[in-house]
Number of protein chains: 2
Amino acid sequence: MHRHEGHDACHTGVGDMLARAETICRERGLQFTPLRRDVMEAVAEAGKAQGAYDIAEKLSARGKRVAPVSVYRALDFLMEQGLVHRIASRNAFIPCPHGHAPGEGVVFLICRTCGVVDEASSEELEDGLDRTLKRAGFTPAHSILEVEGDCGACRERRQDS
Amino acid sequence: MHRHEGHDACHTGVGDMLARAETICRERGLQFTPLRRDVMEAVAEAGKAQGAYDIAEKLSARGKRVAPVSVYRALDFLMEQGLVHRIASRNAFIPCPHGHAPGEGVVFLICRTCGVVDEASSEELEDGLDRTLKRAGFTPAHSILEVEGDCGACRERRQDS
DNA sequence: GGCAGCGGTGATACACTGTAACATTCCCGC
DNA sequence: GCGGGAATGTTACAGTGTATCACCGCTGCC
C-alpha cells in the first residue's frame with residue numbers, strides 16, 4: 001500500500017491497469033472474467049468518470065449487448081477489490097491507479113471544466129480527519145471526500161484567453 | 001458565521017429552526033412560503049436524513065397532495081440559504097443547525113446503524129484539506145465530506161448486548 | 001455417469017431520484 | 001386594470017440503481 005503526498009502524478013496506462021487487475025484477482029483467488037475485464041477497460045480508457053449506463057452503451061456498441069445490471073455487478077466487484085472508485089457527486093466511476101482500500105484518506109479532485117477526476121492524499125489530511133472524528137466519538141467505516149473545482153490546467157487555460 | 005470544534009452538540013429544536021429560517025429569509029428579502037416552511041419542518045422534525053420522496057409523501061399524507069418536484073424546488077431554495085444540506089451518499093437531506101455556506105470544511109457523520117447524521121468541523125481538517133489542494137494545484141469550489149460509520153451511542157449500545 | 005451446489009451472467013421488470021416544459025396563480029408596482 | 005416576475009401545479013420523462021428469476025458452466029461428491 002503506497003502513499004502519495006499531493007497531486008497524483010502516476011497516470012498508469014490502460015494495459016498496465018488491466019494487467020494489475022488480473023494479477024490482483026489471481027492473488028486473491030477471484031475470477032477476472034471477460035465481462036469484468038471489459039468493464040475495467042472501459043473505465044480505464046475513458047479520460048473521465050463514466051456512468052454505468054455509458055459503460056453499458058460503450059460495450060454494447062462493439063457487438064454484443066451488455067445490460068446495465070451486468071455492468072453494475074462488475075463495478076461492484078471491481079470496487080470491492082479497490083480497482084475502481086465511485087464518485088458519489090457524479091454517479092460515475094473512475095479507475096484507481098493505486099490499490100488502496102476504500103475510505104483511506106483519499107480525496108477526489110473533480111474538475112468542473114474538463115471533467116477529469118484526480119486523486120490526492122496526504123497524511124496531514126488524514127490525521128486531521130481522524131482527530132476530528134475521534135473528538136466527535138465517531139468510528140469511521142468508509143469516507144467520501146470529493147472536491148469540485150478547477151484543475152491547474154483549466155485555470156491556466158482560462159487565464160490565457 | 002460561527003465555528004465548531006469537534007462534535008456538534010447544538011441540537012436545535014424544530015420550532016427554533018423554523019423561526020431562524022423565517023428570520024434569515026426576511027433579512028435577505030426572500031419569501032418563506034408555506035410550502036418552504038412545510039418542507040423545512042418535515043426535514044427538521046425527522047430524526048434522520050429524508051429523501052425528497054419521503055418528504056413529499058409525508059406532506060401529502062396530511063391532506064393536500066404535494067408533488068416531488070415541488071419538494072425539490074423548495075429544497076433547492078433551502079439549500080441555497082444554507083438551511084438544509086444534501087447528503088450525496090444517501091440522496092437525502094438534513095436540516096442544518098447553523099448557517100454556514102456550503103463547502104466550508106464541514107464533515108457529515110452518518111451512522112450506519114441508527115441513520116442519524118451529525119455535523120462536525122474543525123480548523124485542523126480544513127487546513128489539511130486546503131494545503132492538500134494547494135499542493136495539487138487545485139482550486140476548490142465546493143466540497144463533499146461524508147463519513148459513514150458508527151456514532152458513539154450506537155457503539156456503546158452494541159457493547160452492552 | 002449423474003447430481004447438487006455455487007458463482008457468474010442474461011433478461012425483464014421495477015423502484016427510486018431528479019429534471020424539463022408548460023400552465024396557472026398570486027402579488028406587486030405602475 | 002394590467003403587465004411582469006416569482007412561486008407553485010401538473011405532466012411527462014430521463015437517469016440511476018435493484019429485485020427476481022432463469023440459465024450456464026464448473027466443481028466436488030456419491
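Atom set for the values below is all heavy atoms of this structure, side chains included, hydrogens, waters and symmetry mates excluded.
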Open item on the list: With a 4.0 Å limit, can you tell me whether A:Ser70 has a side-chain N or O closer than that to the phosphate oxygens OP1/OP2 of C:dG10?
Closed with: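 Indeed, a polar side-chain atom of A:Ser70 lies that close.
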Task: Non-hydrogen side-chain atoms of A:Glu126 and A:Ser121 separated by less than 4.5 Å - done: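 No, every pair of side-chain atoms sits at 4.5 Å or beyond.
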Task: Pairing of A:Glu41 and A:Arg62 as salt bridge, 4.0 angstrom limit - done: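 Here A:Glu41 pairs with A:Arg62 in a salt bridge, since their nearest N and O are under 4.0 Å apart.
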Open item on the list: Nearest whole Å is fine: how far is C:dC26 P from B:Leu35 CG?
Closed with: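 Going from B:Leu35 (CG) to C:dC26 (P), I get 15 Å.
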- [ ] Check the distance between D:dT16's C1' and A:Ile55's CD1 and give it to me in whole angstrom.
- [x]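 The distance from CD1 of A:Ile55 to C1' of D:dT16 comes to 13 Å, rounded to the nearest Å.
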Open item on the list: Expressed as a whole number of angstroms, how long is the span from B:Arg37:CZ to D:dT8:C1'?
Closed with: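 After rounding, the reported distance stands at 17 Å.
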Task: A:Ile87 CD1 to D:dT16 P, straight-line distance once rounded to whole Å - done: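 That distance rounds to 14 Å.
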Open item on the list: Of the listed nucleotides (C:dT17, C:dG8, D:dA7), which one gets closest to any side-chain atom of A:Thr33?
Closed with: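 Selected nucleotide (nearest to the side chain): C:dG8.
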- [ ] Taking the six-membered ring for Trp and the full ring for Phe, Tyr or His, determine whether the centres of B:Phe93 and B:His85 are under 6.0 Å apart.
- [x]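 For B:Phe93 and B:His85, the ring centres are not under 6.0 Å apart.
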- [ ] Examine D:dG17: is either OP1 or OP2 under 4.0 Å from a nitrogen or oxygen in the side chain of A:Arg86? Give yes or no.
- [x]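 Yes, within the criterion.
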Task: Residue closer to the 5' end of DNA chain D, A:Gly51 versus A:Arg73 (nearest nucleotide) - done: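 Of the two residues, A:Gly51 wins.
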Open item on the list: What's A:Val69 touching, base or sugar-phosphate or nothing? Going by heavy atoms closer than 4.0 Å.
Closed with: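 Here A:Val69 touches the bases of the nucleic acid.
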Task: Side-chain N or O of B:Tyr72 closer than 4.0 Å to phosphate OP1/OP2 of C:dG18 - done: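 Indeed, a polar side-chain atom of B:Tyr72 lies that close.
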TODO: Decide, yes or no, whether a salt bridge links A:Lys58 with A:Glu45 under the criterion of side-chain N to carboxylate O below 4.0 Å.
DONE: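 Salt bridge between A:Lys58 and A:Glu45, a charged N being under 4.0 Å from a carboxylate O: yes.
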- [ ] Choose from D:dT10, C:dG10, D:dA6 the nucleotide whose nearest atom is closest to any side-chain atom of B:Arg65.
- [x]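 From the listed options, D:dT10 comes nearest.
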Open item on the list: Which is more 5' along DNA chain C, the nucleotide nearest A:Ala67 or the one nearest A:Phe77? Just name the residue.
Closed with: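 Final value for this comparison: A:Phe77.
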- [ ] Look at all strands and tell whether B:Arg36 reaches a base, only sugar-phosphate, or nothing, counting heavy atoms closer than 4.0 Å.
- [x]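 Sugar-phosphate contact only - B:Arg36 comes under 4.0 Å of backbone atoms but never of a base.
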Task: Contact under 4.0 Å: A:Arg90 side-chain N or O vs D:dG15 OP1/OP2 - done: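 Answer no for this pair, as no side-chain N or O of A:Arg90 is under 4.0 Å from OP1 or OP2.
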Open item on the list: Strictly below 4.0 Å: does A:Asn91 bring a side-chain N or O up to OP1 or OP2 of D:dG15?
Closed with: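 Result: no.
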Task: side chain to side chain contact (heavy atoms under 4.5 Å, CB included) evaluation trace for B:Arg131 with A:Leu125 - done: CA-CA 8 Å; B:Arg131 275 198 284 274; A:Leu125 174 57; over 6 Å; no
Task: Atom-pair distance (OH on B:Tyr53; P on D:dG17), nearest Å - done: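 Rounded to whole Å, this separation is 15 Å.
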TODO: Side chain of B:Phe93 only, please: which of C:dG18, C:dG10, D:dT8 is the nearest?
DONE: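 Nucleotide nearest to B:Phe93's side chain: C:dG18.
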